[in-house]
There are 2 protein chains.
Amino acid sequence: MQLRAADRVFLSLALTLSIAGCGSPPAPARSAPQASSTATTDVSFVLDNAIVVTMDGSGRVLSPGSVAVDGTNIVAVDTPEAIAAKYRGRQRLDLAGHIVLPGLINTHTHAPMVLYRGLADDLALSEWLEKYIFPAEARTVSPEFVRAGTRLAALEMIESGTTTFVDMYYFEEEIAKETRAAGLRGVLGQTIIQFPVADAKTPVDALARAERFITEFKNDPLITPAVAPHAIYTLDAASLTAARDLSRRHGVPTLIHLAETRDEAKNAEEQLKLSPARYLESLGFLGPGVLVAHGVWVSEPDIALLTMRGVGISHNPESNMKLASGTAPVPAYLRADAAIGLGTDGAASNNDLDMFEAMRMASLLHKLQTADPRAVSAKTALEMATIRGARALGKESQIGSLETGKRADLVLVDVSGARQTPMYDPVSHLVYVARGDDVRTTIVNGKVLMRDRKVLTLNEAEVIRDARAWANKVRAAIK
Amino acid sequence: MQLRAADRVFLSLALTLSIAGCGSPPAPARSAPQASSTATTDVSFVLDNAIVVTMDGSGRVLSPGSVAVDGTNIVAVDTPEAIAAKYRGRQRLDLAGHIVLPGLINTHTHAPMVLYRGLADDLALSEWLEKYIFPAEARTVSPEFVRAGTRLAALEMIESGTTTFVDMYYFEEEIAKETRAAGLRGVLGQTIIQFPVADAKTPVDALARAERFITEFKNDPLITPAVAPHAIYTLDAASLTAARDLSRRHGVPTLIHLAETRDEAKNAEEQLKLSPARYLESLGFLGPGVLVAHGVWVSEPDIALLTMRGVGISHNPESNMKLASGTAPVPAYLRADAAIGLGTDGAASNNDLDMFEAMRMASLLHKLQTADPRAVSAKTALEMATIRGARALGKESQIGSLETGKRADLVLVDVSGARQTPMYDPVSHLVYVARGDDVRTTIVNGKVLMRDRKVLTLNEAEVIRDARAWANKVRAAIK
């Protein structure tokens, strides 16, 4: 009798907490598996009866599968029967018609630049920067601007299944505050750049700001403060070295743009007689904890060097295409087993923060460029957006896959609509069919940030209203 | 007093018929402009107070603008004030926060292949075709299969803003019946191919079937029947000529795959001593009414030839990338002012029918390949998906832009969400930011097929259920 009563409670919770998408057929009520009366442990919640794409070392896909979460952590990933035998969720979410996957990791963006989304397109890089982006930044970037922009970016990321993002911008401590409030995980780098910018007159000022930022956020459970020397072409050797030293001193990551454009590589070869990667090596810059964005114009020896030094790489296919920067040699990075993740770059050159699109683009682009449809498979693209991205951040023991003991950073994707029908292979589906819009629920560090498309940590209408007000100022700034 | 009463009715209709998206802020009630009591004409409906992207010869964007529709036709496109002075809609749709644009034209697909969406990916073309697609087709293609597949494809196209599509498949008369029932406009080609297929044992059989199909649908307002000789490598010269003769005799379009892969071009050069385009020219095949899909492996003289002959071209960037076929020289086609539209190809090689994604991919791909971010601008990509696509079909006098006298094929796109904020330029926004999911209302030939994401001409749950049942048969067929 006791067992039956427990089952009734279990089922009634399942119905109450069902998060099947509106418009999708109601999730069929599964009969609750027989729970052992002796060994069940109470946990925060059980995500039950989904297709679980774990991205663990063996690439396990459980269909159906369940995930038990307690507090901030995943405590078990197994069949629904095995989970039901061991765990009882204080909440149970029945996920028939959904895929559960690790939260996506965006390894390179400039979050507040969502406020410049579509400000100017289809222009040569120099014209784009000099006539639009730099003047707009000079006249609008402020603590209030980056906070409004980060809120909008956080909304977009939560809505499209990104749970961790890597950022490089100004007033990074303000970005950190908004990221923490939104509940996202962030590796956030304070920009160091040679010329005067909104938050620092000199690199020395910027380094001081970075150090205050590191001290303030060093022990935050969600925020990893970082130092972000902008690039080799916007910093002298002394500033590059000082930035790297600061991050080494505090044991925090170093983020830098590297070998993004042909000009950058050409100028380095001409002026320094070194490739961009070799130049950083000559400064003693490379090592674990360094994450380079783009890595487009690299040779095979550069790739070997970056890999040997344990450097992470962020591949940004859409931005590289839109700005006509070139094609990063991703198949070569993968052959070297480099820690290469995916990024969107800022929304000014993308024009969104959708990591599903980044996966699709990475996969399609390298098939075309190698003339081999087997290059960058769906599985590899999904790895880059999850576990390999985590490796790029040195966080593979905490995030990037659904495994016992890792943080509960999870995304639930609805695959019940017309354009998602039929589904033959969930991994292919996630890359070639799914979009950010299909994410129904986003969980970071065990906390539900979005449930059934409703973001719980931000006021969507207010964030959009503020963003529109800032856009008016941006328009005025470039007139 | 009479005027005021009319105004009251007008406003109350506006509120009743408001189609602003759920979740978006309510459309502010505009004060109805003073209507002249003498000159207003009753029309079916007025789409009011939107951003109207006309794609007419001068690229006019009205912000705000309105469109008056009567019966199947657009009767006026103008400012809200000018429309209100002349027309009174029996329905009025207040579209604050929406873009109105011409319905998108998908110039190449195989609609029923949505049932093979994601069946097999990341494979070399020959393995993909021989191990998966051909066996699956041999065992599943039937009139019932193509009907179920067409319904699913129609649902996806209506939901993503496609109003006209060009199809090449088997049992095309069944596809036509479902297309008509769904309310979409279709240029539908019965396949002619040398080897035995589900609907014809020989090309002669297929030609007889094509002729019956043409006769049956010749005067349909939505369906343009066509003849679709598959390709130069799957048909002998006699069959190619016979297919072209049949379409000439009936004055209907001819659809063919051309120069899709390097192998096709190489074999033509080796065996026929001609490029694929030149070979068709040698058969007297090329001329107005011919639409070639892909056109990847073409020389500048081939492009000049196709353009001179008035041939339409369908560019399919995602399929060409996914199958690693190569990059069509789109900038060269555009320099020649070719009638080049965009297509998705079948969902088995895409894996969706979203023309917004096709626009974005076309724009990004050619920037990268030409190393010029000015190549294929947003405006050009949107032209290819609308008016230039209409030219590729010889239908530019009827569809492809919002102009008086053209058919009312219209799409309403919601741009109020987080990932669409802010908006600086509606044309850039449609290409780099919008997705099929943002389409809220789709109108074809003056008929509303989808309203506020609810498709009115198809039973979504039933269509998806049927498709899943077919997917089970497909799985069994390739075991």
Side-chain angles (χ1 to χ4, degrees), chain A residues 25 114-115 117-125 128 152 155-156 159-160 318 320-324 326-327 350-354 361 364-365 367-368 370-375 377-378 416-419 421-425 428-429 432-433 435-437 460-461 463-464 467-468 470-471 474-475, chain B residues 25 114-115 117-125 128 152 155-156 159-160 318 320-324 326-327 350-354 361 364-365 367-368 370-375 377-378 416-419 421-425 428-429 432-433 435-437 460-461 463-464 467-468 470-471 474-475:
Chain A
V114 286
L115 295 175
R117 185 200 312 277
L119 175 62
D121 304 286
D122 307 326
L123 296 172
L125 184 65
W128 179 72
L152 181 64
L155 196 52
E156 186 180 350
E159 287 182 350
S160 57
E318 284 176 275
N320 295 163
M321 292 176 84
K322 185 146 185 274
L323 299 175
T327 305
N350 184 306
N351 295 354
D352 61 52
L353 304 179
D354 188 336
M361 207 66 87
L364 296 182
L365 175 60
K367 291 180 197 313
L368 180 75
T370 58
D372 182 355
R374 293 162 299 187
S377 65
S416 64
R419 68 168 166 70
T421 302
M423 177 167 74
Y424 293 100
D425 174 352
S428 151
H429 222 67
Y432 298 123
V433 173
R435 300 183 192 154
D437 297 345
E460 173 148 22
V463 171
I464 290 175
R468 287 185 184 151
W470 276 105
V474 171
R475 275 185 204 98
Chain B
V114 286
L115 295 175
R117 184 199 315 276
L119 174 63
D121 303 287
D122 308 326
L123 296 172
L125 184 65
W128 179 72
L152 181 64
L155 197 52
E156 185 180 351
E159 286 181 351
S160 57
E318 283 176 275
N320 295 163
M321 292 175 84
K322 185 148 186 274
L323 299 176
T327 305
N350 183 305
N351 297 351
D352 61 49
L353 304 178
D354 187 336
M361 206 66 86
L364 296 181
L365 175 61
K367 292 179 196 317
L368 180 74
T370 58
D372 183 354
R374 294 163 299 188
S377 66
S416 63
R419 69 168 165 71
T421 301
M423 178 168 74
Y424 293 100
D425 173 352
S428 151
H429 221 67
Y432 299 123
V433 173
R435 300 183 193 156
D437 298 346
E460 175 149 21
V463 170
I464 289 174
R468 288 186 183 150
W470 275 105
V474 171
R475 276 185 202 99

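In what follows, chains are A, B, ... by sequence order, proteins preceding strands, each numbered from 1.
Most heavy-atom pairs under 4.5 Å with chain B, from the set A/M321, A/M361, A/R374: that is A/M321. The candidate with the highest count of non-hydrogen atom pairs below 4.5 Å against chain B, out of A/M423, A/R117, A/H429, A/R475, is A/R117. The most heavy-atom pairs under 4.5 Å with chain A, out of B/T370, B/N350, B/L123, B/D372, come from B/L123. Counting heavy-atom pairs under 4.5 Å between each of A/N320, A/D425, A/V474 and chain B puts A/V474 at the top.
Rounded to the nearest 0.5 Å, atoms CG (A/D352) and CZ (B/R419) are 7.5 Å apart. Atom CD in A/E318 sits 12.0 Å away from atom CG in B/L368 (nearest 0.5 Å). Rounded to the nearest 0.5 angstrom, B/T421 OG1 and A/L115 CG are separated by 9.5 Å. Note that CZ of A/R468 is 6.5 Å distant from OG of B/S416, once rounded to the nearest 0.5 Å.
Annotation for B/P373 and A/A124: closest pair CG-CA, 3.5 Å, computed over non-hydrogen atoms. Minimum heavy-atom separation, A/A324 to B/K367: CB-O, 3.3 Å. Nearest heavy atom pair, residue B/L152 against residue A/P422, reads CD2-CD, 4.3 Å.
When heavy atoms are compared at a cutoff of 4.5 Å, A/A378 approaches chain B by way of both its backbone and its side chain. Contact of A/L364 with chain B is made through backbone and side chain together, with heavy-atom distances under 4.5 Å. Contacts between A/D121 and chain B at a heavy-atom distance below 4.5 Å involve the side chain alone, from C-beta outward. If you measure heavy-atom distances from A/S160 to chain B, you find no contacts under 4.5 Å at all. With a 4.5 Å cut-off on non-hydrogen atoms, A/L353 does not touch chain B at all. Of the atoms belonging to A/V433, it is side-chain heavy atoms, and not backbone ones, that fall under 4.5 Å from chain B.
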request  = List the steps and the verdict of side-chain contact (heavy atoms from CB on, under 4.5 Å) for B/N351 and A/S428.
outcome  = CA-CA 9 Å; B/N351 297 351; A/S428 151; 4.1 Å; yes
message = side-chain contact (heavy atoms from CB on, under 4.5 Å), that's the test. Do B/Y432 and A/K322 meet it? Break it down for me.
response = CA-CA 10 Å; B/Y432 299 123; A/K322 185 146 185 274; 3.8 Å; yes
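Salt-bridge annotation for A/D437 and B/R435: present, with a side-chain N of the basic residue lying under 4.0 Å from a carboxylate O of the acidic one.
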